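Just below is one structure, and these are the notes that go with it.
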Amino acid sequence: MATVTTSSPATLQSCKHASHGVVRYCSPLPWRRRSYSQVSTRATASSHGQPSATTGGRVEAPVGIAAEAGEEGDSIRRLQNGPDVRGVALEGEKGRPVDLTPLAVEVVAESFGEWLREELQRPEGEELRVSVGCDPRLSGARLSAALFAGLARAGCSVFDMGLATTPACFMSTILPRFNYDASIMMTASHLPYTRNGLKFFTKRGGLTSVDVEKICNRAAQKYVARKMGLGSRGTPPVVMRVDLMSAYSQHLRDIIKQRVAHPTHYDTPLKGFKVIVNAGNGCGGFFTWDVLEKLGADTTGSLHLEPDGMFPNQMPNPEDATAMSLTRDAVLAHGADLGVVFDTDVDRSGVVDDTGAAINGDRLIALMSAIVLDEHPGTMVVTDARASDGLTRFIASRGGHHCLYRVGYRNVIDKGVQLNNDGVETHLMMETTGHGALKENYFLDDGAYMVVKIVIEMVRMKLAGLEGGVGSLIMDLEEPAESVLLRMNILGEPKHAKQRGTMAVEAFKNYIQEDKLSGWVLDDCGDCSVGEGCLVDTNDHPIDVDAYMYRAKFYNENMRPLGMVHVRQSVHNPNIALNMQSYLPGGCKSMARDLHERFLLASGVNEFLDTREVEKFVK
């Protein structure tokens with residue numbers, strides 16, 4: 001049994017329903033307009049499972065089991081999506097069976113706990129404190145029970161934050177009175193309600209793809225062993241319920257109050273401002289009630305604040321046209337100063353200015369660059385290589401430097417960390433999807449913190465008597481004449497998708513280098529020791545490659561640039577993405593037609609890529 005002590009009453013609500021050795025835990029109620037008591041907890045866990053001389057108290061699969069049952073082990077490895085784990089958790093997707101099962105989650109959680117103990121060099125028996133949060137997906141309660149069980153098997157004390165945000169999970173390792181060793185967020189971000197997944201954090205930040213690969217390899221062995229009936233289920237976990245979101249909200253409020261330092265109403269610096277929040281029925285409603293309104297803002301007209309795991313109104317996604325359109329309409333209808341769109345787990349955001357203009361993608365990066373460069377002149381800004389040449393010129397016009405890097409929020413953030421370690425001042429790292437991290441905020445991609453920065457700027461502009469809203473800061477951003485995204489699904493068995501995706505992307509590079517695609521030139525993208533389409537780091541400590549991608553520019557016969565294409569292997573789904581930007585109307589169709597005829601068909605990659613979306617576009 002675990003021994004539990006608390007500094008506040010009513011912290012432990014284990015809601016046990018024993019059934020065949022499985023313990024289920026009731027998830028905390030979704031946020032409502034209510035007050036929370038502050039909770040501080042501490043626990044000491046006993047050992048779990050059957051002792052083993054070689055595994056420190058845990059039963060492992062015999063050597064070679066994973067190899068003998070390779071397909072079952074590979075089903076766990078395929079759950080890795082870059083630095084996350086994601087899969088299908090509910091029936092309902094055509095052609096996609098459920099693969100993120102309770103057993104899969106349990107063995108991944110147990111493997112994470114073991115990996116964490118090794119990373120922190122904690123001896124067996126010494127407490128490891130791990131917090132867990134989730135979004136409102138319907139599969140959350142069932143999979144959370146498996147997650148708790150897996151962590152307990154690894155000897156971790158488990159702290160359940162209930163409905164939380166991904167950034168709050170990381171902050172639970174930092175904020176006073178919590179200070180956990182690690183945290184796991186159960187979410188599949190903007191993906192359909194049938195999906196779910198896991199994001200992992202330590203005090204250093206999010207795990208890398210290499211870290212998660214190690215965890216999944218270990219989990220694959222455990223999965224095969226459990227399927228063969230080896231190993232006990234261990235002692236049912238004791239889970240402590242804690243309220244982290246109140247402390248996190250207070251943290252955000254304090255930042256706004258301190259940095260605005262309003263001369264007449266310090267504690268309500270947003271008094272007189274109207275802000276619309278569209279949470280998309282995800283986790284972002286707290287920002288309306290516990291941040292904006294408590295600082296004096298009028299949030300009348302806000303949309304889809306109550307959590308609903310079916311996401312009935314729209315996908316919570318700042319890239320979603322419906323989400324941005326609904327928010328625009330609400331901003332204009334209520335005369336708001338700002339509209340905010342969060343994704344499901346609030347690690348991404350987008351905004352709408354007072355004129356109704358959508359600010360996401362390159363526009364959001366430009367806005368954040370303008371704010372950060374005013375605070376840190378000359379800083380480097382890291383983005384993914386889908387960003388436009390116009391954004392590069394915008395950053396340069398403000399005295400900044402632009403490093404374009406590999407797609408993937410973890411890649412972009414890790415590059416920023418690396419540059420800082422190499423002595424290159426880098427304060428902002430952003431993906432065009434809305435993931436954005438700042439050096440001042442632990443290099444954490446936090447959609448709420450991003451909005452906090454924008455809100456502070458909005459108030460400062462008004463106090464300074466400046467005309468126009470935050471959108472006026474990016475009026476001179478040059479944007480492509482056209483932008484198009486096309487996808488080609490990788491055909492065949494899922495286990496071959498990654499290899500075939502790599503083959504297709506590498507074939508594109510080779511065709512250009514072998515002069516089989518005249519007019520196309522590989523773009524080295526940036527000026528910070530990165531070459532070959534942002535794939536190859538030439539410095540002393542290159543970042544591991546999790547998916548292959550190249551960026552190339554297309555020139556006509558007069559060597560006039562028509563646009564660029566970014567070809568990449570998705571880390572989330574078995575497909576190849578073609579991001580195209582044209583400098584001229586009609587340019588995207590010209591580039592797609594040229595690629596279709598002279599590369600997709602000529603190279604033979606169409607034999608394992610479904611090119612119908614490209615063919616439909618060029619007709």
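Because the structure is a prediction, the values reported are computed rather than measured.
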List the atom of [X], the atom of [Y], and the distance in Å for their closest heavy-atom pair.
X: Ile76; Y: Ala104; value: CD1-CB, 3.6 Å
X: Asp347; Y: His435; value: OD2-CE1, 3.2 Å
X: Arg410; Y: Pro83; value: CB-CG, 3.7 Å
X: Glu319; Y: Asn360; value: CA-ND2, 4.3 Å
X: Ala323; Y: Gln314; value: CB-NE2, 3.2 Å
X: Val505; Y: Val567; value: CG1-O, 4.1 Å

Would [X] and [Y] count as having a side-chain donor-acceptor pair, cut-off 3.5 Å?
X: Thr194; Y: Glu93; value: yes
X: Arg487; Y: Asn575; value: yes
X: Thr344; Y: Asp135; value: no
X: Asn411; Y: Asp384; value: no

Sub-3.5 Å donor-acceptor pair from the side chain of [X] to the main-chain atoms of [Y], do we have one?
X: Glu110; Y: Ala219; value: no
X: Arg137; Y: Arg195; value: yes
X: Ser189; Y: Leu191; value: no
X: Arg386; Y: Val407; value: no
X: Ser144; Y: Gly140; value: yes
X: Arg500; Y: Leu491; value: yes
X: Asp181; Y: Arg129; value: yes
X: Ser183; Y: Ser131; value: yes
X: Ser246; Y: Asp243; value: no

(request) Could you please spell out the steps behind the side-chain contact (heavy atoms from CB on, under 4.5 Å) verdict for Ser75 and Asp99? (result) CA-CA 7 Å; Ser75 70; Asp99 53 8; 5.9 Å; no
If I take atom [atom1] from residue [X] and atom [atom2] from residue [Y], how far apart are they, to the nearest 0.5 angstrom?
X: Lys203; Y: Tyr180; atom1: NZ; atom2: OH; answer: 10.5 Å
X: Phe342; Y: Asn317; atom1: CZ; atom2: CG; answer: 13.5 Å
X: Asp414; Y: Tyr409; atom1: CG; atom2: OH; answer: 10.0 Å
X: Met315; Y: Tyr193; atom1: CE; atom2: OH; answer: 11.0 Å
X: Thr611; Y: Asn489; atom1: OG1; atom2: CG; answer: 11.0 Å
X: Leu128; Y: Phe112; atom1: CG; atom2: CZ; answer: 9.0 Å

Is the closest side-chain heavy-atom distance between [X] and [Y] below 4.5 Å?
X: Tyr442; Y: Met171; answer: yes
X: Met186; Y: Leu198; answer: yes
X: Glu106; Y: Arg153; answer: yes
X: Thr187; Y: Cys134; answer: no
X: Lys498; Y: Arg78; answer: no
X: Asp320; Y: His190; answer: no
X: Val451; Y: Val291; answer: no
X: Arg77; Y: Asp74; answer: yes

(request) Before giving the answer on side-chain contact (heavy atoms from CB on, under 4.5 Å), spell out for Leu100 and Val85 the whole-Å C-alpha distance, their side-chain angles and the decisive distance to 0.1 Å. (result) CA-CA 9 Å; Leu100 192 68; Val85 164; 4.1 Å; yes
(message) With a sphere of 6.0 Å drawn around CZ of Arg122, does it hold more than 12 non-hydrogen atoms of other residues, nucleotides or ligands?
(response) yes
(message) Under the criterion side-chain contact (heavy atoms from CB on, under 4.5 Å), I'd like the reasoning laid out for Ile490 against Leu609: C-alpha separation, chi angles, the key distance, then a yes or no.
(response) CA-CA 5 Å; Ile490 300 171; Leu609 294 182; 3.8 Å; yes
(request) Walk me through it: do Met245 and Met161 pass the test side-chain contact (heavy atoms from CB on, under 4.5 Å)? (result) CA-CA 8 Å; Met245 290 305 297; Met161 299 183 294; over 6 Å; no
(message) Out of the candidates Asp343, Asp446, Asp445, only one should pair with Arg348 under the salt bridge (charged side-chain N to carboxylate O under 4.0 Å, His left out) rule; please name it.
(response) Asp343
(request) Flag this pair as yes if the NZ/CZ of Lys214 is under 6.0 angstrom from the six-membered ring centre of Phe200 and inside a 45 degree cone about the axis; otherwise no. (result)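 The answer is no, since Lys214 fails at least one limit relative to Phe200.
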(message) Check for me whether the distance between the ring centres of Tyr248 and Phe286 falls short of 6.0 Å.
(response) yes
